[in-house]
Enquirer: 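Okay, handing you the structure first.
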Amino acid sequence: IKEGVESVWKSVKSAFSNAATNVPGESKMWDHLSFVIKRLRERLWIKPLIVCMLSIGAVFFANLMDMAELGRFLPEITKESTETLLKIMASSMLIMATFAVASMVAAFASASRSATPRSLPLIIGDNVSQNALSVFIGAFIYSAIALVALMNGFYGSRASQFVLFSLTIVVLALIIITFIKWVDNIARLGRLEHTIDTVESAAAEAIRGRQSAPRLGGVPAYSPPGGARAVFGDAIGYVQRVDTEALQARAEKSQLKIVVAALPGTFCAPNCPVAWVFREASGRVSDEDAEAITGSFVIGGSRVFDQDPRFGLLVLSEIASRALSPAVNDPGTAIDVTGTLVRLFVMWDECGKAADVPEVRYDRVAVPKLSVADMFDDAFTGIARDGAGTVEVVVRLVKALESLAASEDTAMHDNALRHARLALVRAGNALKIPEDLKAATEAAGFARWTWLQLLMCPLVPCTFLKTGPT
C-alpha cells in the first residue's frame with residue numbers, strides 16, 4: 001500500500017505541477033486529472049480506502065450532534081436496536097467483502113484466460129465491482145467502530161443515537177442496493193462477450209478523441225533539419241501520453257520547434273528518440289529544454305487505451321487470435337470480433353468526415369497523423385493469419401473488408417483491398433478443399449488481382465493462381 005500511495009502521489013503531484021508551470025487553464029488541468037484518474041481506477045485499493053475514511057468520519061459525525069440542541073425534536077431510539085443492527089453488519093460484511101474479492105479475482109483470471117491479459121486493466125477498472133468491494137469493506141469498518149463506540153458510551157444523548165441509527169439504516173440500504181447491482185454485474189464480469197464490449201468501448205473513446213485532434217493539436221509532421229537534437233525518453237517502455245500543450249509552452253519559452261517522433265503506443269528504446277528539437281535561430285538546444293521535453297512524454301511498462309486507438313484494435317485482434325487457437329477452436333468469437341472491428345473503422349471514418357479542419361493549437365509542435373495502414377495491420381493481420389484454415393472466418397473477414405473498401409477515404413479503401421488480397425493468399429495456402437477455396441474466392445471478388453498485377457507480383461503462390469483471377 002505504501003508503494004501504491006507513493007506512486008499515486010507522484011502522479012498527482014506531476015499532473016498539478018505540469019498544469020501549474022506550463023499553460024494555465026481548466027482544460028489542461030482537467031486533461032491531466034483525467035489521465036491520473038483513469039490510472040487510479042486501475043488500482044483496486046483506491047475506492048475502498050476512500051470509503052473507509054468516509055466511514056470513520058461518519059461515526060464521529062454522529063457524536064457531533066450532541067453539540068446541537070436537536071435532542072428534544074427527535075424521537076428516542078433505544079441503544080439495543082442500533083447495537084443489534086451494527087452486530088449483524090459487523091459479522092456479515094467481512095464475509096461479503098471476502099466473497100467479493102474472490103469473485104473479482106476469478107473474473108480477472110477468466111478474462112486473462114479467455115480473452116487476453118491486455119484487457120485486464122479494463123476489467124479491473126469496472127466501477128460496479130469496485131463500488132461493491134468498497135461498500136462492503138466500508139460498512140464493516142463503520143459497523144465495527146460504531147459498535148465499539150456505542151458500547152463504551154460514546155453516544156450519550158438522544159440526538160447522537162438517532163443520527164447513528166439513521167446512518168446505520170442508510171448504510172444498510174446502500175449495502176442492499178449495491179449487492180443487487182453487483183450480483184447482476186458479476187454474472188457478466190470476466191465473460192468473453194463482456195470483455196469484448198469493454199475493449200470496444202475503450203477503443204471507441206480513443207478513436208473519438210484522436211479524430212477530434214488528429215495531430216494532438218499540432219501541425220503536420222515534417223523532416224527535422226540536420227542540426228536538430230534528438231531527445232530520448234527517460235525510461236524504456238511504451239509512450240502512454242504526449243502532453244503537446246507542455247511541449248508548446250516550452251517551445252514558446254525557448255523559441256524552439258519540436259517534431260514528435262513517438263506517438264502514444266510507440267515502444268521507446270535507448271536508441272529511439274521521442275522527439276527532435278531545434279531552434280528557430282542558430283543556437284544549441286540546452287539540456288534543461290531537452291529534459292523538459294522528455295518530461296512531456298509519459299512512458300510506462302505497458303500500453304494504455306487513452307491516446308492509443310491502435311491498442312484497442314490490437315487487443316481485439318488478440319482476442320480473436322486466441323479464439324482461433326487449436327486449444328480453444330472458437331471461430332464464432334473471431335467472427336464476432338471482426339464485426340466489432342468493422343464498427344470501429346466505420347466510426348473512425350465517420351468521425352473523420354464529421355470533424356472540421358483540425359484546429360492548430362500548438363503551432364510549434366509537429367505531430368504525425370495515425371497511419372491507417374498500421375491500424376489495418378493491427379486489426380486484421382492476426383485474424384487472417386490464424387483463421388486462414390477456417391473457411392467461415394475467411395469469408396466473413398473478406399466481406400468485412402469489402403464493406404470497408406466501400407469507404408470514400410482513399411487510405412481505408414486501399415488498405416481494405418490490400419488485406420483482402422493478403423487474406424486470400426493465406427487462405428490459398430491453408431485451405432485444402434477446393435470448394436472452401438472457391439467460396440473464399442467468390443466472397444473476395446471485389447479484391448481480385450488483375451493479370452497485370454499477378455505478372456508484376458511473382459511472390460503470389462501457385463495455389464492462389466488456381467482460384468480463377470479475372
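Keep in mind that what you see is a predicted model, and the values were worked out from it rather than measured.
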Enquirer: Find out whether Trp182 and Asn131 are in side-chain contact, i.e. whether some heavy atom of one side chain is under 4.5 Å from a heavy atom of the other.
Expert: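 Contact flag for Trp182/Asn131 side chains = no.
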Enquirer: Does a salt bridge link Glu83 with Lys87, judged by any charged N lying under 4.0 Å from a carboxylate O?
Expert: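 Salt bridge flag = yes for Lys87 with Glu83.
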Enquirer: Please check: side-chain N/O of Gln161 versus main-chain N/O of Thr78, any donor-acceptor pairing under 3.5 Å?
Expert: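 Not confirmed, Gln161 side chain does not pair with Thr78 backbone.
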Enquirer: Assess whether a salt bridge exists between Arg229 and Asp287, defined as any Lys/Arg side-chain N lying under 4.0 Å from an Asp/Glu carboxylate O.
Expert: yes
Enquirer: Could I get the full list of ring pair (Phe, Tyr, Trp, His ring centres under 6.0 Å) partners for Phe165, not counting sequence neighbours?
Expert: none
Enquirer: With heavy-atom distances below 4.5 Å as the criterion, would you say the side chains of Ser119 and Thr198 are in contact?
Expert: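 The answer is no, as the side chains (C-beta and beyond) never meet within the 4.5 Å cut-off.
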Enquirer: Between Asp363 and Gln248, do the side chains contain a donor N or O and an acceptor N or O under 3.5 Å apart?
Expert: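 There is such a pair between these side chains.
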Enquirer: Quick check: closest heavy atoms across Gln240 and Gly300, and the distance to 0.1 Å?
Expert: NE2-CA, 3.4 Å
Enquirer: Backbone N or O of Gly332 within a donor-acceptor pair of the Asp336 side chain at under 3.5 Å?
Expert: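 The answer is no, because no donor-acceptor pair under 3.5 Å joins these two groups.
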Enquirer: Compile the donor-acceptor pairs under 3.5 Å between side chains in residues 94-109 and protein atoms, sequence neighbours left out, one pair per line.
Expert:
from, atom 1, to, atom 2, distance (Å)
Thr98, OG1, Leu94, O, 2.9
Ser103, OG, Phe99, O, 2.9

Enquirer: State whether a side-chain donor-acceptor pair under 3.5 Å links Ser325 with Asp386.
Expert: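 No pair is found: no donor N or O on one side chain lies under 3.5 Å from an acceptor on the other.
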Enquirer: Would you tell me whether Arg113 and Ser110 have side-chain atoms, one donor and one acceptor, within less than 3.5 Å of each other?
Expert: no
Enquirer: Less than 6.0 angstrom separating the ring centers of Phe232 and Phe297, yes or no?
Expert: no
Enquirer: Taking Glu252 first and then Arg364, would you say they form a salt bridge - that is, a charged N and a carboxylate O separated by under 4.0 Å?
Expert: no
Enquirer: Please check: side-chain N/O of Ser254 versus main-chain N/O of Leu256, any donor-acceptor pairing under 3.5 Å?
Expert: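 Such a contact is absent between Ser254 side chain and Leu256 backbone.
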Enquirer: Which pair of non-hydrogen atoms, one from Ile175 and one from Met89, has the smallest distance, and what is that distance?
Expert: CD1-CE, 4.0 Å
Enquirer: With a 4.5 Å heavy-atom cut-off, do Tyr142 and Ile56 have their side chains touching?
Expert: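 Heavy-atom side-chain distance check fails, nothing below 4.5 Å.
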Enquirer: Are Phe311 and Tyr238 an aromatic pair by the rule of ring centers under 6.0 Å?
Expert: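 When the ring centroids of Phe311 and Tyr238 are compared, they turn out to be at least 6.0 Å apart.
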Enquirer: Salt bridge check, Asp306 against Arg241: does any charged N sit closer than 4.0 Å to a carboxylate O?
Expert: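 Salt bridge between Arg241 and Asp306, a charged N being under 4.0 Å from a carboxylate O: no.
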Enquirer: Could you verify whether a donor N or O on one side chain and an acceptor N or O on the other, from Thr294 and Asp234, lie under 3.5 Å apart?
Expert: no
Enquirer: Answer yes if the side chains of Ser286 and Asp289 hold a donor-acceptor pair under 3.5 Å, and no otherwise.
Expert: yes
Enquirer: Under the criterion side-chain contact (heavy atoms from CB on, under 4.5 Å), I'd like the reasoning laid out for Leu247 against Tyr362: C-alpha separation, chi angles, the key distance, then a yes or no.
Expert: CA-CA 8 Å; Leu247 293 174; Tyr362 315 118; over 6 Å; no
